[in-house]
Amino acid sequence: MSQEKQTDIDGRMKLLLRGTEAVYTTDELTRRLEEATKPLRIKYGMDPTAPDIHLGHSVVLGKLRQFQDLGHKAVLIIGDYTARIGDPSGQNTARPTLSPEQIQENAKTYFQQAGKVLDTSSGKLEIRYNSEWLAKLTMMDIIHLTAKKTVAQMLQRESFKTRLAADQDVFLHEFLYPVVQGYDSVVVEADVELGGTDQTFNCLVGRDIQRAYDQRPQIVLIMPLLVGLDGVEKMSKSKGNYVGITDTPNDMFGKIMSIPDTLMENYFTLLTDLPAERITELVDGEKTHPREAKAALAKTIVERYYDKSAAEAAADEFDRVFSSKQTPTEIPEIAVPAGTIGIIDLVVQAGFAKSNGEARRLISQNAVSIDGDKITDTEADVNPQNGQILRVGKRRFGKIVLK
RNA sequence: GGGAGUGUGCCCGAGUGGACAAAGGGAUCAGACUGUAAAUCUGACGGCGUACGCCUACGGUGGUUCGAAUCCACCCGCUCCCA
């Protein structure tokens, strides 16, 4: 092999391994890249029940994109058939069964969002529904398929093992999920499969199944779970500690600015393509002011989902509102009846407080102002004018519109 | 089928007849400070009333009691042990 090609491979490996939680195996990946005469097929399974994508999901999608950028092909599997089994990776039992229409709908939303990360040009992306082949399997096929794995092997899986140890139910059909997911790999002839840590077992079973079908086992790249904005729990919608990839640039920027400093390095590594050396510089408090580093992080991420000018604008807006303490450029309007009104009512009507008590509290905590004039008397009456700015706390603004 | 537990505010969790709108922590919100919606500190944190107050709330229903989150009965949910 030529010196150049070898350097090239080294460079690619460095990029592809970055941020990974585990790789099975690194050597195989190197070899596969070296030997490749055509684009590798990179499989990623999507769950048709969760169409709202946030930065946590984007970690794996971003890795998929890296493969695409290196000339490989993303193969997205929509688990419309497997979704009906119920993956035991979680914990509890039945998830709701989705209708074909719902699955279609979810898949559509998913692509709209995933398209912000992935390269959707036709040569780079292949989309497959696994009902295409799973619905056709006969009983005999299934018996053959399940004969490839032993019960002991299945019980290696943590969630099976612990449930069994705790005398909890493990249903037979749950064993099918990993095996069937592995069969997906056979059908699409996956060279590589990507997944989050919770998918480790399933992805690895895929290797065994492929071997059993005389295919080269796929290489498995496991990506870590992204920590949420609170710096503690994993990012998830239900925890509210997430950045949605459809969030507005300003929200995205602001939310990222709110992460603990200690989380920056992790975010840089998993959510941006900045070179490792650059990240080291940015994260080093001696070399870069933490605020600047975080702003750079936020800008890079916003740029990924929008563009450079949107990122600049979001950064300017943030400085404007929080550093210079000025009013934002865009302020949502709040409709208010004309005439004199108690300040408590005004705050409640603007939707800035859920109850009079909360409004009263905000006022007595010096949080409320109109056109910059603080109002601290909870009993004050005001006579709002069109265009005045009602502000509550640091972040909530409303432009008064009389109705 | 038998037995033992357990269910508290957005979440976790203390409380085992009155001093309980209910300790503590987390989350959230506000203020101060700052480097930012970081960190730290302070405060607020069921609803209504300016306050004494009233209402709603401790799985559900009913009961005992002057008085119940706390005791009793039944019901519902969850967990564990035995079969």
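Numbers restart at 1 for each chain; the letters A, B, ... are given by sequence-line order, proteins then strands.
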task = Identify, between Thr262(A) and Glu379(A), the residue whose nearest nucleotide on RNA chain B lies closer to the 5' end.
result = Thr262(A)
ask   = When you match Arg360(A) and Met257(A) each to their closest nucleotide on RNA chain B, which lands nearer the 5' end?
value =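 Between the two, 5'-proximity favours Met257(A).
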Using whole Å, what does the distance between atom [atom2] of nucleotide [N] and atom [atom1] of [X] come to?
{"X": "Phe253(A)", "N": "rA38(B)", "atom1": "CZ", "atom2": "P", "answer": "14 Å"}
{"X": "Asn266(A)", "N": "rA38(B)", "atom1": "CG", "atom2": "P", "answer": "19 Å"}
{"X": "Arg361(A)", "N": "rA30(B)", "atom1": "CZ", "atom2": "P", "answer": "11 Å"}
{"X": "Glu233(A)", "N": "rA27(B)", "atom1": "CD", "atom2": "P", "answer": "10 Å"}
{"X": "Phe397(A)", "N": "rA30(B)", "atom1": "CZ", "atom2": "P", "answer": "11 Å"}
{"X": "Asp261(A)", "N": "rA39(B)", "atom1": "CG", "atom2": "P", "answer": "8 Å"}
{"X": "Lys394(A)", "N": "rA32(B)", "atom1": "NZ", "atom2": "C1'", "answer": "9 Å"}
{"X": "Phe352(A)", "N": "rA44(B)", "atom1": "CZ", "atom2": "P", "answer": "24 Å"}

Within the pair [X] and [N], is there a side-chain N or O less than 4.0 Å away from OP1 or OP2?
{"X": "Arg396(A)", "N": "rA30(B)", "answer": "yes"}
{"X": "Arg291(A)", "N": "rU36(B)", "answer": "yes"}
{"X": "Ser355(A)", "N": "rC48(B)", "answer": "yes"}
{"X": "Asn356(A)", "N": "rG49(B)", "answer": "yes"}

Under a 3.5 Å cut-off for both contacts, is [N] paired Watson-Crick or G-U wobble with anything, and if yes, with which nucleotide?
{"N": "rA27(B)", "value": "none"}
{"N": "rG49(B)", "value": "none"}
{"N": "rG62(B)", "value": "rC72(B)"}
{"N": "rC78(B)", "value": "rG5(B)"}
{"N": "rU34(B)", "value": "none"}

inquiry  = Return the CD1 to CZ distance between Ile78(A) and Phe111(A), rounded to the nearest 0.5 Å.
reply    = 3.5 Å
ask   = When rounded to the nearest 0.5 angstrom, what is the spacing between CG in Asp381(A) and OG1 in Thr340(A)?
value =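 Rounded to the nearest 0.5 Å, the CG-OG1 separation comes out at 6.5 Å.
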Distance only, no hydrogens: is a donor on one side chain within 3.5 Å (strictly under) of an acceptor on the other, for [X] and [Y]?
{"X": "Ser131(A)", "Y": "Asp80(A)", "value": "yes"}
{"X": "Glu281(A)", "Y": "Thr288(A)", "value": "no"}
{"X": "Asn202(A)", "Y": "Gln181(A)", "value": "yes"}
{"X": "Thr197(A)", "Y": "Glu21(A)", "value": "no"}
{"X": "Asp307(A)", "Y": "Ser309(A)", "value": "yes"}

task = Can you figure out which of rA37(B), rG35(B), rA38(B) approaches the side chain of Lys294(A) most closely?
result = rA38(B)
ask   = Out of rC29(B), rU36(B), rG31(B), which has the shortest distance to the side chain of Phe322(A)?
value = rU36(B)
Using the [atom1] atom in both, what is the distance from [N] to [M], to the nearest Å?
{"N": "rC76(B)", "M": "rC66(B)", "atom1": "P", "answer": "32 Å"}
{"N": "rG63(B)", "M": "rG1(B)", "atom1": "P", "answer": "31 Å"}
{"N": "rC20(B)", "M": "rC72(B)", "atom1": "C1'", "answer": "22 Å"}
{"N": "rA22(B)", "M": "rG31(B)", "atom1": "C1'", "answer": "27 Å"}
{"N": "rU61(B)", "M": "rA27(B)", "atom1": "P", "answer": "34 Å"}
{"N": "rC48(B)", "M": "rA57(B)", "atom1": "C1'", "answer": "15 Å"}
{"N": "rA30(B)", "M": "rG24(B)", "atom1": "P", "answer": "22 Å"}
{"N": "rC75(B)", "M": "rA23(B)", "atom1": "P", "answer": "33 Å"}

Counting the atoms with a prime plus P, OP1 and OP2 as sugar-phosphate, which does [X] contact under 4.0 Å by heavy atoms, base, sugar-phosphate, or nothing?
{"X": "Pro260(A)", "answer": "sugar-phosphate"}
{"X": "Gly254(A)", "answer": "base"}
{"X": "Ile256(A)", "answer": "nothing"}

task = Examine the base of rG43(B) for any acceptor or donor lying under 3.5 Å from a partner atom in the side chain of Gln365(A), and report the outcome as yes or no.
result = yes
